[in-house]
Amino acid sequence: MGPGSQTGEMIFLTSKEKAVIRRYAIVCQLWREGDQDFLGLEYDMAAGCSILARRIAIDARSRHIIAADAGDRAFHAAIFYNDRGAVPEIAAKDLRRLRRYIIQRKGVLPVRNPVRVRGERRREGVAGFCQKLLVKLGVRCRARRHLRGLQ
């Protein structure tokens with residue numbers, strides 16, 4: 001028996017199917033807590049395996065190429081079965097954006113918003129973000145003064 005399935009046939013994925021799998025893996029790593037590793041994903045896709053990275057089940061007959069995710073069943077249900085209750089920590093708006101990004105490659109990848117204190121400004125300007133970044137990187141005051149001129 002080969003790596004593809006029990007009948008010994010390999011699963012050949014199209015470039016669009018591979019892209020969906022890669023986007024799912026990236027989003028899962030960015031948005032989910034804990035150890036979300038996808039070691040061997042590219043190798044398994046190239047080898048035609050039906051189980052990728054020891055966790056993602058592939059089925060060419062399913063509506064979406066990813067049939068199941070043993071590593072994070074709740075996230076899989078939220079993305080591919082639109083089960084909003086599976087991941088209550090992700091806002092409905094963000095979940096819609098994630099689904100659209102993973103499945104259709106439309107829009108941009110939403111950035112995870114950390115928990116914030118009530119009353120704190122939700123968004124900061126680009127210049128404020130750059131200032132914090134410069135301070136963390138230890139950039140000298142001269143560069144910070146130049147940045148203030150951009151505001």
Side-chain angles (χ1 to χ4, degrees), residues 1-137 147 150-151:
M1 284 190 213
S5 66
Q6 288 154 348
T7 61
E9 58 194 49
M10 294 177 61
I11 296 177
F12 294 101
L13 300 170
T14 65
S15 60
K16 289 183 180 182
E17 292 169 336
K18 288 180 182 180
V20 169
I21 295 167
R22 287 182 189 114
R23 287 192 300 267
Y24 175 79
I26 290 168
V27 169
C28 191
Q29 287 176 332
L30 291 174
W31 279 78
R32 300 298 284 170
E33 297 293 327
D35 185 24
Q36 300 290 333
D37 65 352
F38 290 89
L39 297 174
L41 180 69
E42 293 295 327
Y43 176 80
D44 290 344
M45 282 194 292
C49 297
S50 61
I51 304 293
L52 305 176
R54 292 179 282 158
R55 65 181 279 176
I56 298 176
I58 300 300
D59 186 5
R61 296 170 299 190
S62 68
R63 183 174 174 209
H64 306 289
I65 191 67
I66 301 176
D69 183 359
D72 197 344
R73 289 182 177 98
F75 190 70
H76 177 267
I79 297 297
F80 294 106
Y81 298 116
N82 202 18
D83 184 2
R84 291 187 184 148
V87 284
E89 66 273 10
I90 299 177
K93 181 179 179 182
D94 288 334
L95 188 58
R96 279 192 309 273
R97 288 180 178 173
L98 290 174
R99 290 188 82 241
R100 192 169 179 216
Y101 176 77
I102 291 171
I103 297 170
Q104 302 168 353
R105 182 51 177 112
K106 292 187 178 178
V108 295
L109 176 62
V111 178
R112 186 174 183 186
N113 209 2
V115 178
R116 61 188 178 99
V117 179
R118 187 177 190 127
E120 182 181 329
R121 282 183 30 187
R122 183 174 176 102
R123 296 180 188 217
E124 61 183 21
V126 173
F129 171 77
C130 291
Q131 275 186 331
K132 287 181 183 178
L133 184 62
L134 290 173
V135 168
K136 285 183 181 181
L137 294 175
L147 185 61
L150 297 175
Q151 291 179 344

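Only heavy atoms go into these numbers, but all of them, side chains included; no hydrogens, no water, no symmetry mates.
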One should read off an interatomic distance between Ile103 CD1 and Ile79 CD1, to the nearest 0.5 angstrom, of 7.0 Å

query: Parallel, tilted or perpendicular for Tyr24 and Phe80, by the 30°/60° rule?
result: tilted

_Between Ile51 and Ile58, does the side chain to side chain contact (heavy atoms under 4.5 Å, CB included) criterion hold? Intermediate values first, please._
CA-CA 6 Å; Ile51 304 293; Ile58 300 300; over 6 Å; no

Worksheet item: Side chains of Asp72 and Arg55: does their closest heavy-atom pair fall under 4.5 Å?
Response: yes

Next on the checklist: For Gly71, is there any backbone N or O sitting under 3.5 Å from a side-chain donor or acceptor partner on His76?
Outcome noted: no

Here the gap from Ile90 atom CD1 to Leu95 atom CG, rounded to the nearest 0.5 Å, amounts to 6.0 Å

Residues pairing under side-chain hydrogen bond (donor to acceptor under 3.5 Å, both in side chains) where one sits in residues 99-110, two or more places apart or in two chains, turn out to be none

Checklist line | Pairing of Glu42 and Arg22 as salt bridge, 4.0 angstrom limit | finding: yes

In short, Ile65 meets Ala60 closest at the heavy-atom pair CD1-CA, 3.9 Å

*So do Val20 and His64 actually touch side chain to side chain, heavy atoms under 4.5 Å?*
no

Scanning both residues in full, the closest heavy-atom pair of Ala77 with Ala86 reads CB-CB, 4.3 Å

Leu30 meets the side-chain contact (heavy atoms from CB on, under 4.5 Å) criterion, sequence neighbours left out, with Ile26, Leu109

Interatomic distance, CZ@Phe38 vs CZ@Arg54, rounded to 0.5 Å, equals 12.0 Å

dist Ser50:OG -> Met10:CE (nearest 0.5 Å) comes out at 11.0 Å

Is a donor on one side and an acceptor on the other found under 3.5 Å between the side chain of Asp44 and the backbone of Ala53?
-> yes

Contacts satisfying side-chain hydrogen bond (donor to acceptor under 3.5 Å, both in side chains) that involve residues 78-89 (not counting sequence neighbours) are Arg32-Glu89

Rounded to the nearest 0.5 Å, the SG atom of Cys28 sits from the CG atom of Asp69 at a distance of 5.5 Å

When rounded to the nearest 0.5 Å, the distance separating CZ of Arg23 from CD1 of Ile66 is 9.5 Å

